[in-house]
Each structure stands twice: as C-alpha cells, then as structure tokens.
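Chain identifiers are assigned alphabetically (A, B, ...) following the order of the sequence lines, protein sequences preceding nucleic acid strands; residue numbering begins at 1 within each chain.
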There are 2 protein chains.
Amino acid sequence: MARIGIRQVAAEAGVSMTTVSHVLNDVPNAQVRAETRERVLLAAQRLGYTPNRMARSLRTRRTGALGLISDSIATTPYAGQLILGAQRAAQEHGYMIVLFNTEDDPVVEERELQALTDYQVDGVIYATMYHRVVSVPQALANRPLVLLDAEPADAQAVDGDKGGGVPWVVPDEVAGGRTATEELTANGHRRIGFVTNVDDVPATSGRLQGYQEALAAAGLQFDPALVISDESESWGGYRAARFLLERGDRPTALFCYNDRMAMGAYRAAAELGLRIPGDLSVVGFDDQELITLGLYPELTSVALPHFDMGYWAGERLVEVLDDTDQSAPVSRLTMPCPLVRRSSVAPV
Amino acid sequence: MARIGIRQVAAEAGVSMTTVSHVLNDVPNAQVRAETRERVLLAAQRLGYTPNRMARSLRTRRTGALGLISDSIATTPYAGQLILGAQRAAQEHGYMIVLFNTEDDPVVEERELQALTDYQVDGVIYATMYHRVVSVPQALANRPLVLLDAEPADAQAVDGDKGGGVPWVVPDEVAGGRTATEELTANGHRRIGFVTNVDDVPATSGRLQGYQEALAAAGLQFDPALVISDESESWGGYRAARFLLERGDRPTALFCYNDRMAMGAYRAAAELGLRIPGDLSVVGFDDQELITLGLYPELTSVALPHFDMGYWAGERLVEVLDDTDQSAPVSRLTMPCPLVRRSSVAPV
DNA sequence: ACGTTTCCCCAAAACGTTTTGGGTAGCATC
DNA sequence: GATGCTACCCAAAACGTTTTGGGGAAACGT
C-alpha cells in the first residue's frame, strides 16, 4: 500500500496535482469550477488523504510550530494552565506547541534558544511563571514573539496599547489588589492589614497599589503600619500576621499577598484564638486550590488568569504570523484577576 | 544573502553534496578521506551551516518530534515536572516535545490524537497525571509509545519486566506506602492510623498494601479499624483524622494518603489540642511544597518522582526509536518514592 | 471574423536534504 | 594483460508538496 499523496488524489479525481493543491488549500485567486472542486474533495476524502506536513513545510518555509519557552516550568503549579491555554489557542489555529525550558539557567537558555531556532519554529512564546520583567534575548530579537506572564524590561512598548514592540500579557496586579481589598471594605472593614513579601516584582508593587487605591476609594486613610513585608513566603505569612494581630488595635481583616502567606495567617489567627471569618476576615491571592480548598474555612482568593493569558498569547502569536489584518493590533494586555469568594470573609 | 545549504557547503569545500551529507551525518559505511572530511567540516563551520530540518524530514520520514499527550495538565501541580523530565530527555537526544492535551474529554482526545498523527510525530508519550490505568487508544496502537505515570489496562505486558507490550513507568506506590509507614514504626509508633480516600486507583491500594507490609515487618497487627477512607480529599483528611483521634485508644501517628489529607489531619489535631509531632506524628504523600512547607510543623512526606518518570519515559521512547540495541529492553518500571523528612514525625 | 478577456486547468520547477547506483583510479592477483 | 578488489567520490533521483508561468477554450466586444 503506497502512501497516498496529492498525486494519487489527482489521479483519482482526474485532475492535476496543481488543481488538487488549489482546492485543498483553497488558495485565494485560483479558479476552479465548483464541480471539479467537489470531485477533488470527494476523491481526497475517499482515499483518506492527509497532507504531508514536512513536504508542505519544505515548500512554504513554515513549520506550523510555535516554540514555548519558559523559565521554571517544574517549580510552579500554574505551569499547566499557562501551557494549556497556549496549546489550545495554537491547536485551534492549526499550530502545534513545542516545548523548551530555560530552568532559569543562562547556559540552558542558550542551548534551548539554539534548539528553538534550528527546529525552525514559526514564532515563539517567551513565558515566565511569576510575572517577571525580562529583557528579551538577542536570539529572539527579530522573530515573531510574544511575552507571556512577563513584561519587557525596555519600556519602549509601554507607552500605548498599540503597535510597536513585542506583545505581552500579564495579570492586572493592581486591579487584583483592588478587588481583594474592596471585598473587605465592602464588608465594612476599616482596619485592613496587608501581608506581603519583600520581592521587587510587579506583583508586590502592583498589589500594594491596588490595596491603597481601594482604601482611598472607601475613604480610608492608608496606614503604613498595617502593611508588613516579610522575606520568607513560608514563614512570612505567619510572622507578619502574628505581628499585626497582637497589636492592641488589631486589624479586622487581612489581605495576603498570596495563598501561601494566607496559610500562615490562618495559623497565626488560630494560635491567638481568633476565628475566621468571625473575628478576622482573610483574602488571599493566586487561588491555588491546594491551599484555598484545604484551609478551613475555605479561603477567598483572587485568581490569576493563567489559562486566559496563555490562550491570549497563543492567539496573539498566530495573529502576527497569519497576519490577517495588518491593522495595528493591541500589543499589551493586563488581564483582570477575578475574585473567587469562599468562606473567609464576613462583615465586620 | 541566499540561505546557505548543503549545496553551498559542497561548493565551498569543493566536493559533492553527497559527500557533505555523508560527513555531516557521518553515515556508517561511507568512505571519505580524513582530509576531505576536515575540509567539509571546516567549510560547514565557516559558512555557519545549519541543516534544514524539513528537507531532512521529508527525505528520512522522521520529524524528530515526540508527542506528549496528557490528560489533565492544567489541574495538577505536578504537570510541570513530568513534562520537564520528558523534555529534557528528548532535548538531550535531539528530539523536541510537542504538546497535546485530552482534558479528560473523549471528544478532545479524539481531536488531539488526530492532530498528533497528522503532525507526524515519531513517537508518543501518553501521560496521565495521577497514575491511572488506561486502555491505550486505538489510534496509538501501532506506534512507538510509552506510558507515563499510567499503566495499561490489559495486563498483557505485566508478566515481566522485559519485551512485549508498551513500556510504562509509574511510582512504586507500595514501596512508598511502606517507606512512609516504616518511618513511623522506626520511631516507635505502634498504633498508626491510615487516612485514605475511596478512589479505586493503584495509588490507594498500593499505599495501603505498603502500610500493611510495613506493619507486618515491624511485628504489628493490622487493625482495619485504623484505616479510614473518605470520599472527599478536601474534607476527608479532617473528618477521618478527627474520627480516629477522638477514640479512646487514639493512634499516635497518622499516615495520610496525600498531603492534602494531611492538611486536614493537622486541623483535626489542632482542634483536639494535640501537638504535632509531640502528641501525634504525621506523614503525608506527594510532597507538594505548597502544603508541606506551608504547614507547621513542616510536613514529612513521600515524594513522587515526577521528573524522573518523565525523564525515563523520554529516554525509553528515543531508545525505541533509535533502536540502538535490539536487546529486549526493560519495558516496565516502578520508580521509588523517596521520603523527605521534615518536622512532623517524632519518637512516640 | 477577429482580437481580447475570462475561466478553468496543467506541466514542470522548486524547496533542501538523503539515498541510490554507480564511476574512477590505483593496486594487487591471476 | 585482463580481472578483481578497495578506497574514495559523484550525478541524479527521490521525498510530497506549493508555486510559477503559461495554455486552451469559451465568451465577449467590435
């Protein structure tokens, strides 16, 4: 059984290979009679023809592959969602995702970038897992590229939502911080602590800003004494919460930088005999179900839209590649972070 | 600047394309003088030649791509490790990993399998994220295939470690269960509860068996009343632990099916005023750092070797493909699960 | 009746490799 | 002097598409 190709289909339909190719890809300005088109389609289907991608790629110089290169895929629980989003977008447009990983190691990154170029992917998604600001590697400079959960170090593209630089998508940290805090102010809380960490990343500053904005919007005075930063994520939540809650005028609610720190806050509260949400309301960030559903009471948390970001990045990249509309497309997106309500917030 | 290919290299080196191809791939029984070989190599390097993968693929009928199809990549925090393992193995052997996802939906699976075949990957890794037993889809029947964190439903391959069926790798659940329990018996515990769930998967039965084996090895009687299964993973740990700990002759140690249930056990213990590890020792399973490092005291847990399994699967698959040694290779592997000791276990 | 346009279609070149099927030169063996 | 062998090398075919550059016939305008 000889592998069946376009040639066999042509024979079966009684037309030339050219015509078969034309109808199968319906090329824009190739004229083929409706009747012949039918015949070809039928023949193709009858023979169960599937195109040979390598031959096609060889001719068209496009592989239909998108490289997804990420920093620390193994150490973050979100990785799957980011990747799945991108994969689905790619899939829907007939692209495939091929995986690369830098492991946060410049040497590995070098190697992977090399691999990435000689696999001849059509475009690349450069992903970081924790909303980092990155400077895009030289090797990717002149390629179709989009940044995923990362923003470019050179602010050149920042000035507008349109055109220019490389597209990127990140969570809207400040809106997220605002959402979390508003949930607390809306429940009547007026003394709201912010338990955060000391990292200098967009997430910390953004969420803090959101916190401040929400306070202002609620007519509350920002009190620096209510925000505690700790350097450890595993211990920090506990330490900071403990510190805040032992004060005389303890806050009635805590906004925690992430669920891990919220977990520590829960422990601090338990040790001090404070019930959640009766004596203390808590909202977390990240919506890691391992934690949010594991805690008691279940933790209200702001979710990071990992899937959506991945999906957007994928779509954005194929847009660039397929170049359907040359119209200056949106180039930067901060994606909203929805609040998922559970049982850790109550009216004051 | 014309793209430089094998033709240019040939010209530069003053030899034929044939010869260039021969030396660049050093084909086994092609004879080429050492001096010519040098010349070719030099020319290639001087021109910065990199082979065109599509052309090569077209001719050799091999894409150098491995399909990795997994069930629920987005909903499990381990996904990254499994994938990274496979990716690294692939990378090291010059393969790339292209990603597919079934999302546990037969319709999607159908579509992805279709995509997978017409992308013409050389081989496929069929991965599940929670050690499932699967029946391999018809579409994969006659392809180079290895199962990752999954075992085949038809036990045809089970009879030996060699030859025959499709290779698969899973965690050694029973050894893991034994390890966990031994850690407790070794600390002198004699009444050890097992908090587990009701799912009918290899993990539950395996870990239970390990538990029993360890008890036997320590000369302890197995007491069915000490194992409590609950249907919910988020609440089950709490409920089961609470139930066990309220008994008059409460266990002094708990082996929990996974970290999530251990998290519940911590809460139960706290509510009953039992200190960990002073009054109660706990060991978990899965080693999810989000939990193990978030709990206080930090949870001793048995780790699942996700990276290693992924790596093995990748290596195994390229072995099959490159077919270096036809010698019947190991076909099944249960991988050991190391114990990572933290602070939740103490002598009785 | 004769160009011109329009509509449909095709043969062959091209993409960049690997592989096939020799070819040539030198040397040894009969 | 033919034959055979060995060591080295090459021209051309092949892989399965897409794309180029028309070509023939019908329809149309004059």
Side-chain angles (χ1 to χ4, degrees), chain A residues 1-44 47-65 94 117-120 122 321-322, chain B residues 1-41 43-44 47-65 94 117-120 122 322:
Chain A
M1 170 185 103
R3 165 130 184 79
I4 73 106
I6 209 179
R7 163 174 276 108
Q8 282 70 22
V9 177
E12 174 86 3
V15 300
S16 74
M17 292 165 52
T18 309
T19 309
V20 175
S21 177
H22 281 159
V23 356
L24 258 31
N25 311 339
D26 38 45
V27 321
N29 33 12
Q31 296 140 319
V32 26
R33 225 182 330 167
E35 189 256 334
T36 2
R37 161 181 303 273
E38 263 336 294
R39 227 168 49 224
V40 169
L41 255 22
L42 210 78
L47 297 185
Y49 167 75
T50 73
N52 181 319
R53 278 191 98 94
M54 313 158 210
R56 189 209 297 270
S57 291
L58 173 57
R59 191 60 238 244
T60 63
R61 312 185 139 294
R62 317 190 76 218
T63 55
T117 72
D118 70 37
Y119 284 129
Q120 297 173 264
D122 289 341
L321 292 174
D322 293 356
Chain B
M1 168 187 104
R3 166 129 183 81
I4 73 107
I6 210 180
R7 162 173 278 107
Q8 281 70 23
V9 177
E12 174 87 3
V15 301
S16 73
M17 291 164 51
T18 309
T19 308
V20 174
S21 177
H22 280 161
V23 357
L24 256 32
N25 311 339
D26 37 45
V27 322
N29 33 12
Q31 295 139 320
V32 25
R33 224 182 330 165
E35 189 256 333
T36 353
R37 158 179 307 272
E38 263 335 294
R39 226 168 50 221
V40 169
L41 256 22
L47 297 185
Y49 168 75
T50 73
N52 181 319
R53 276 190 100 95
M54 314 159 210
R56 188 208 297 270
S57 291
L58 174 57
R59 190 61 235 245
T60 61
R61 311 187 140 293
R62 318 191 74 217
T63 56
T117 72
D118 70 36
Y119 285 129
Q120 298 172 263
D122 290 341
D322 293 356

By side chain to side chain donor-acceptor pair (under 3.5 Å), A/Asn52 pairs with (sequence neighbours left out) none
Mark yes or no for whether A/Ser57, through its side chain, and A/Arg53, through its backbone, hold a donor-acceptor pair below 3.5 Å.
-> yes
Stretch residues 50-64 of chain A: residues that reach within less than 4.0 Å of DNA chain C through a heavy atom = A/Leu58, A/Arg59, A/Arg61
Excluding sequence neighbours, so at least two apart, what forms side chain to side chain contact (heavy atoms under 4.5 Å, CB included) with B/Thr60?
-> B/Arg56, B/Arg62
Pairs meeting criterion side-chain hydrogen bond (donor to acceptor under 3.5 Å, both in side chains) with involvement of residues 14-29 of chain B, two or more places apart | B/Ser16-B/Thr19
So the contacted stretch of DNA chain D, first to last nucleotide with an atom under 4.0 Å from a non-hydrogen atom of chain A, runs from D/dG16 to D/dT20
Listed by chain and number, what are the side chain to side chain donor-acceptor pair (under 3.5 Å) partners of B/Thr63, not counting sequence neighbours?
-> B/Asp122
Whichever of A/Gly5 and B/Glu35 has its nearest DNA chain D nucleotide further upstream toward 5' | B/Glu35
Residues of residues 27-34 of chain A with a heavy atom under 4.0 Å from any atom of DNA chain D, listed by number, are none
To the nearest 0.5 Å, what is the distance between CE (B/Met54) and CE (A/Met54)?
-> 12.0 Å
For the residue pair B/Val23 and B/Val40, what are the closest heavy atoms and their distance?
-> CG2-CG1, 3.7 Å
For residues A/Gln8 and A/Tyr49, determine if any side-chain heavy atom of one lies less than 4.5 Å from a side-chain heavy atom of the other.
-> no
Heavy-atom contacts, protein to nucleotides 23-28 of chain C, under 4.0 Å, summarised as B (base), S (sugar-phosphate only) or - (none) per nt, yield ------
When A/Val20 is tested against each of A/Thr36, A/Leu41, A/Val15 for side chain to side chain contact (heavy atoms under 4.5 Å, CB included), which residue passes?
-> A/Val15
What residues, two or more places apart in sequence or in another chain, satisfy side chain to side chain contact (heavy atoms under 4.5 Å, CB included) together with B/Thr50?
-> B/Arg3
Partners meeting salt bridge (charged side-chain N to carboxylate O under 4.0 Å, His left out) with A/Arg59 (sequence neighbours left out) = none
Results of salt bridge (charged side-chain N to carboxylate O under 4.0 Å, His left out) for B/Arg39 - residues two or more places apart only | B/Glu35
Residues of residues 17-25 of chain A with any non-hydrogen atom less than 4.0 angstrom from an atom of DNA chain C: list those, numerically ordered, please.
-> A/Thr18, A/Thr19
